[in-house]
Protein chains: 2
Amino acid sequence: IAQVDNVSKRYQMGDVIVDALKNINIDFEDGDFVSIMGPSGCGKSTLMNLLGCLDQPTEGRYLLGGQDVSKMEDDELSAIRGSRLGFVFQSYNLIQQLSVVENIEVPLYYQGHHEAESRERAIELAEQVGLGDRIHHKPYELSGGQQQRVGIARSLANDPLVILADEPTGNLDSKSGADIMNFFDKLHDQGKTLIMVTHSDEMAERSLRIIRLRDGVIESDERKRN
Amino acid sequence: IAQVDNVSKRYQMGDVIVDALKNINIDFEDGDFVSIMGPSGCGKSTLMNLLGCLDQPTEGRYLLGGQDVSKMEDDELSAIRGSRLGFVFQSYNLIQQLSVVENIEVPLYYQGHHEAESRERAIELAEQVGLGDRIHHKPYELSGGQQQRVGIARSLANDPLVILADEPTGNLDSKSGADIMNFFDKLHDQGKTLIMVTHSDEMAERSLRIIRLRDGVIESDERKRN
Ligand SMILES: Nc1ncnc2c1ncn2[C@@H]1O[C@H](COP(=O)(O)OP(=O)(O)OP(=O)(O)O)[C@@H](O)[C@H]1O
Ligand SMILES: Nc1ncnc2c1ncn2[C@@H]1O[C@H](COP(=O)(O)OP(=O)(O)OP(=O)(O)O)[C@@H](O)[C@H]1O
Ligand SMILES: [Mg+2]
Ligand SMILES: [Mg+2]
């Protein structure tokens, strides 16, 4: 479903060069459930941004459904981002002026859905992440973990095929984190592909494949035996 | 060193009332090393904001060094915040236009230190949290865990007596998290008081006392036996 083909990502700031990713090769299968782990600063979010079409590699290619993303037209790319991919950001990226339910609705609005139908779906998603009693709160009126959960709900608004979640449980206690993982299990059973960055071995244990990065390269890529 | 005396915190939004904290009583001793744990949304950050003099209770009193904080003059309060308390925020709160080393220097600047001396101290702190090779990066050029570590370094700039850290290792892998805890152990050995919110049992195990909150009330408050 997605292929990372000898991808590298380099940042150049004056004379300083940071090689955030070096020669990364990964094939993601349809319906996969993958955890990406590794030390702080090793390139996980950089990789997620490439997978989510939010950034381009410096070298190599990223293929989505067999097509080279860098060769796609702008509107084709935003159609994919809007309806096929759901992205949960490490730093939430919520819109401060909008309430919880309005934040969740944003992707639906961009896909042209009717108001009543969007509102109903957004409320249902808020309840599924345990925020049914916070739907009119603004982000600054929520705890860190609650904001994280709004980000998770928003990523699911358009019922995407692929969910990319960058540390979805980093600010959650182990019970709330387990609730989110139960929810992810259900989505996986529905046939979705889940790719998740996590620092928690407990959460990673629940996925089917663990890719470990270190200093911008793949250290190991192991599938669980059933 | 600090006393929470029957404190409550209520948020009112229209007809909705959220009782974030209810009748909290805690005595913090000089040189204490405390972990505060509990489910997402149970009131931990709200309590930390009160302890850090960033917010006031709705009822009850908060005493710092025996004095009621709500009765203090503005300049006395900012002297305390500037030099006696170090605060690590759950969402980092870094200044995007300043580099890592400039961000760490901000509290020193407010306390009127000389430039050369501030710069030297800030660089040393950056090295102590593993960011010696990132000192000129801006926050958006850092990973999530790196930004979290800048927040930790900044909280130590003025060598405070009390360090309040709201989920300091939430975005760190277990090795980087352990490095930060080693660093906190050293600070504790120097006589500092550390009060830390964490979701990680592993990190909490390393403190001397664990306070568990649930729905705005204290569920348990246990000191480790030596
Ligand atoms: N300004 C506000 N107005 C209304 N409610 C608020 C406000 N700030 C926080 N709350 C509510 O108060 C409760 C406690 O929030 P707090 O941030 O202290 O939780 P927390 O324990 O730190 O959670 P987490 O582990 O998710 O960070 C939450 O339910 C939140 O929705
Ligand atoms: N815009 C940028 N310019 C320069 N360097 C950058 C930029 N963005 C990221 N980096 C560097 O690239 C490296 C990888 O960053 P990335 O955010 O992918 O790490 P990460 O694995 O997600 O870490 P964490 O677990 O802390 O979130 C880091 O060392 C970071 O300093
Ligand atoms: Mg990251
Ligand atoms: Mg919090």
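To find a chain, count down the sequence lines: A is the first, B the second, and so on, and within it residues start at 1. Just so it is clear, the values below take in all heavy atoms, side chains as well, and ignore hydrogens, waters and symmetry mates.
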Colleague: For B/Glu115, does the CD atom have more than 12 heavy-atom neighbours from other residues, nucleotides or ligands under 6.0 Å away?
Modeller: no
Colleague: Heavy-atom pairs under 4.5 Å with chain A: which of B/Ser174, B/Gly145, B/Ala20 has the most?
Modeller: B/Gly145
Colleague: Working to the nearest 0.5 Å, report the span between OG1 of B/Thr198 and CG of A/Asp173.
Modeller: 11.0 Å
Colleague: Should the heavy atoms of other residues, nucleotides or ligands under 6.0 Å from CG of A/Asp74 be counted, would the total exceed 12?
Modeller: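 It does not: A/Asp74 CG has 12 such atoms or fewer within range.
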Colleague: Return yes when atom CD of A/Gln190 has more than 12 non-hydrogen atoms of other residues, nucleotides or ligands closer than 6.0 Å, and no otherwise.
Modeller: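 Yes, CD of A/Gln190 has more than 12 neighbouring heavy atoms, counting only those of other groups under 6.0 Å.
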Colleague: Looking at B/Arg223, I want to see if its CZ is surrounded by more than 12 non-hydrogen atoms of other residues, nucleotides or ligands under 6.0 Å.
Modeller: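 More than 12 within 6.0 Å, yes.
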Colleague: Can you tell which part of A/Val197 gets under 4.5 Å to a heavy atom of chain B, answering side chain, backbone, both or neither?
Modeller: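 Nothing of A/Val197, per the 4.5 Å heavy-atom cut-off to chain B.
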Colleague: Take atom CD of A/Glu127 as the centre, draw a 6.0 Å sphere, and report whether it contains more than 12 heavy atoms from other residues, nucleotides or ligands.
Modeller: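 Counting neighbours around CD of A/Glu127, more than 12 heavy atoms of other residues, nucleotides or ligands fall under 6.0 Å, so yes.
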Colleague: Flag the one option from A/Thr169, A/Leu172, A/Val16 with the top tally of heavy-atom pairs under 4.5 Å to chain B.
Modeller: A/Leu172
Colleague: Would you mind checking which part of A/Ser91 comes under 4.5 Å of any heavy atom in chain B, side chain (CB onward), backbone (N, CA, C, O), both or neither?
Modeller: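 Neither part; nothing is under 4.5 Å.
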Colleague: How long is the straight-line distance from NZ of B/Lys175 back to OG of A/Ser40, given to the nearest 0.5 Å?
Modeller: 11.0 Å
Colleague: Look at A/His199, A/Gln90, A/Met13, A/Met37 and state which one has the largest set of heavy-atom pairs under 4.5 Å with chain B.
Modeller: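 Most pairs with chain B among the choices: A/His199.
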Colleague: Please indicate whether A/Glu202 has more than 12 foreign heavy atoms, meaning atoms of other residues, nucleotides or ligands, lying under 6.0 Å from its CD.
Modeller: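 No, because the 6.0 Å sphere around CD of A/Glu202 holds 12 heavy atoms or fewer from other groups.
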Colleague: Given the options B/Asp166, B/Asn171, B/Thr46, B/Leu142, which has more heavy-atom pairs under 4.5 Å with chain A than any of the others?
Modeller: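 That would be B/Asn171.
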Colleague: Quick one: which of B/Arg134, B/Glu167, B/Lys44 has the most heavy-atom pairs under 4.5 Å with chain A, could you say?
Modeller: B/Glu167
Colleague: Is it true that, when you exclude A/Glu120 itself, more than 12 heavy atoms of the residues, nucleotides or ligands shown sit nearer than 6.0 Å to its CD?
Modeller: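 No - once you tally the heavy atoms of other residues, nucleotides and ligands closer than 6.0 Å, there are 12 at most.
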Colleague: Report the option among A/His137, A/Glu141, A/His136 that has the most heavy-atom pairs separated by less than 4.5 Å from atoms of chain B.
Modeller: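 The answer is A/His137.
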